[in-house]
Amino acid sequence: MPPKRSYWLVKSEPDEFSYADLVAARGSTTLWDGVRNYQARNTLRDDMKRGDLVLYYHSNTKPPGVAGVAEVVREGYPDPTQFDPKDSHFDAGSDEADPRWFAVDLKARAELDAYVSISDLKANPNLSEMAVVQRGQRLSVQPVTASEFREVVKMGGLKAADLR
DNA sequence: GCCAACGTTGGC
DNA sequence: GCCAACGTTGGC
């Protein structure tokens with residue numbers, strides 16, 4: 001019996017890297033990097049597993065919302081940008097032998113037929129507990145329950161069978 | 001160990 | 001562009 005699949009929501013600013021950019025990337029896969037928050041780091045390093053499904057959320061845009069579904073295809077590994085002095089995410093305090101920051105690889109699975117904006121999420125009583133709609137919620141990677149995931153996918157017009 | 005100052009996130 | 005919320009830093 002394989003371990004149970006988990007669900008996540010990750011935020012990305014579409015001006016930096018949108019869901020369409022992920023679809024267009026080589027192998028529709030990218031390194032999801034640049035996270036510099038310890039709680040999010042722990043999730044990336046310890047909790048996200050191959051085969052987990054991810055709601056890809058566009059933040060800092062109008063309107064913010066969920067654009068598509070991605071899959072974790074490579075589990076946590078050291079984020080290379082922390083060692084690159086030219087990168088804005090460079091961290092001089094991180095030791096290559098004991099890296100401070102981690103990344104995962106995400107692969108595009110399915111764009112939502114209908115973009116699900118944050119106002120749509122907030123209007124759905126089934127999603128009132130969802131982390132992303134809570135006040136002051138800034139974590140760039142958040143756990144999502146299976147039922148929340150199913151609900152958002154349904155709102156986006158995808159069939160569960162599309163995401164077996 | 002407290003907490004004020006500061007920087008960042010991100011909706012609005 | 002504003003600013004509330006939150007995390008981090010650093011003086012004491």
Side-chain angles (χ1 to χ4, degrees), chain A residues 6-25 30-48 52-72 76-106 108-109 111-145 147-158:
Chain A
S6 299
Y7 300 91
W8 309 98
L9 178 145
V10 304
K11 297 178 183 174
S12 182
E13 302 195 11
D15 289 348
E16 300 294 325
F17 203 85
S18 69
Y19 190 79
D21 293 329
L22 178 60
V23 171
T30 196
L31 156 82
W32 196 70
D33 62 4
V35 171
R36 295 295 181 266
N37 167 283
Y38 285 101
Q39 192 178 342
R41 184 280 306 271
N42 293 345
T43 300
L44 290 167
R45 186 188 59 191
D46 303 332
D47 300 332
M48 296 179 85
D52 287 356
L53 293 180
V54 174
L55 299 172
Y56 196 96
Y57 179 87
H58 285 172
S59 63
N60 244 324
T61 189
K62 289 183 181 178
V66 179
V69 177
E71 179 176 340
V72 177
Y77 61 100
D79 178 348
T81 63
Q82 71 195 302
F83 303 123
D84 179 358
K86 296 188 295 298
D87 194 284
S88 62
H89 298 294
F90 176 64
D91 182 352
S94 183
D95 178 355
E96 296 219 28
D98 184 19
R100 186 175 287 172
W101 306 115
F102 284 73
V104 297
D105 283 357
L106 297 181
R109 281 293 306 273
E111 184 173 15
L112 297 189
D113 291 335
Y115 185 77
V116 178
S117 72
I118 193 168
S119 58
D120 298 332
L121 296 173
K122 286 181 171 173
N124 186 330
N126 296 332
L127 300 177
S128 59
E129 302 295 313
M130 197 173 174
V132 76
V133 304
Q134 307 308 315
R135 181 175 181 76
Q137 177 46 64
R138 303 188 313 170
L139 271 184
S140 54
V141 51
Q142 313 174 345
V144 171
T145 68
S147 62
E148 288 166 349
F149 181 85
R150 280 195 302 271
E151 186 77 11
V152 173
V153 163
K154 191 171 78 177
M155 291 167 83
L158 296 187

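Residue numbering restarts at 1 for every chain, and letters A, B, ... go by the order of the sequence lines.
Screening residues 129-141 of chain A for side-chain hydrogen bond (donor to acceptor under 3.5 Å, both in side chains), with sequence neighbours left out, gives no hits.
The stretch residues 118-131 of chain A touches DNA chain B through A/I118, A/K122, each having a heavy atom within less than 4.0 Å of the strand. Residues from residues 57-68 of chain A lying near DNA chain C, meaning a heavy-atom separation below 4.0 Å, are absent. Of the residues in residues 79-95 of chain A, none lies under 4.0 Å from DNA chain B by heavy-atom distance.
A salt bridge links A/D91 with A/R100: the distance from a Lys NZ or Arg NE/NH1/NH2 to an Asp or Glu carboxylate oxygen falls below 4.0 Å.
When every heavy atom of A/D120 is checked against every heavy atom of A/M155, the shortest pair comes out as O-CE, 3.4 Å. Among all heavy-atom pairs drawn from A/A67 and A/H58, the shortest one is CB-CE1, 3.6 Å.
With sequence neighbours excluded, the residues forming a salt bridge (charged side-chain N to carboxylate O under 4.0 Å, His left out) with A/R109 are A/E71, listed by chain and number.
With respect to A/D79, the side-chain hydrogen bond (donor to acceptor under 3.5 Å, both in side chains) criterion is satisfied by exactly one of A/R45, A/H89, A/R36: A/R36.
Under the 3.5 Å distance criterion, with hydrogens and angles disregarded, no donor-acceptor pair is assigned to the side chains of A/S59 and A/E13. Side chain to side chain, A/D52 and A/W8 meet the donor-acceptor criterion of an N or O pair below 3.5 Å. Looking at A/D21 and A/S18, their side chains do bring a donor and an acceptor atom within 3.5 Å of each other. A side-chain donor-acceptor contact under 3.5 Å links A/D105 and A/Y77. Donor-acceptor pairing under 3.5 Å is recorded for the side chains of A/S12 and A/Y56.
Here A/R135 lies in heavy-atom contact (under 4.0 Å) with sugar-phosphate atoms only.
Checked against a 6.0 Å centroid threshold, the rings of A/Y38 and A/W101 count as neighbours.
Taking a heavy-atom distance under 4.0 Å as the criterion, the stretch of DNA chain B touched by chain A extends 5' to 3' from B/dG7 to B/dC12.
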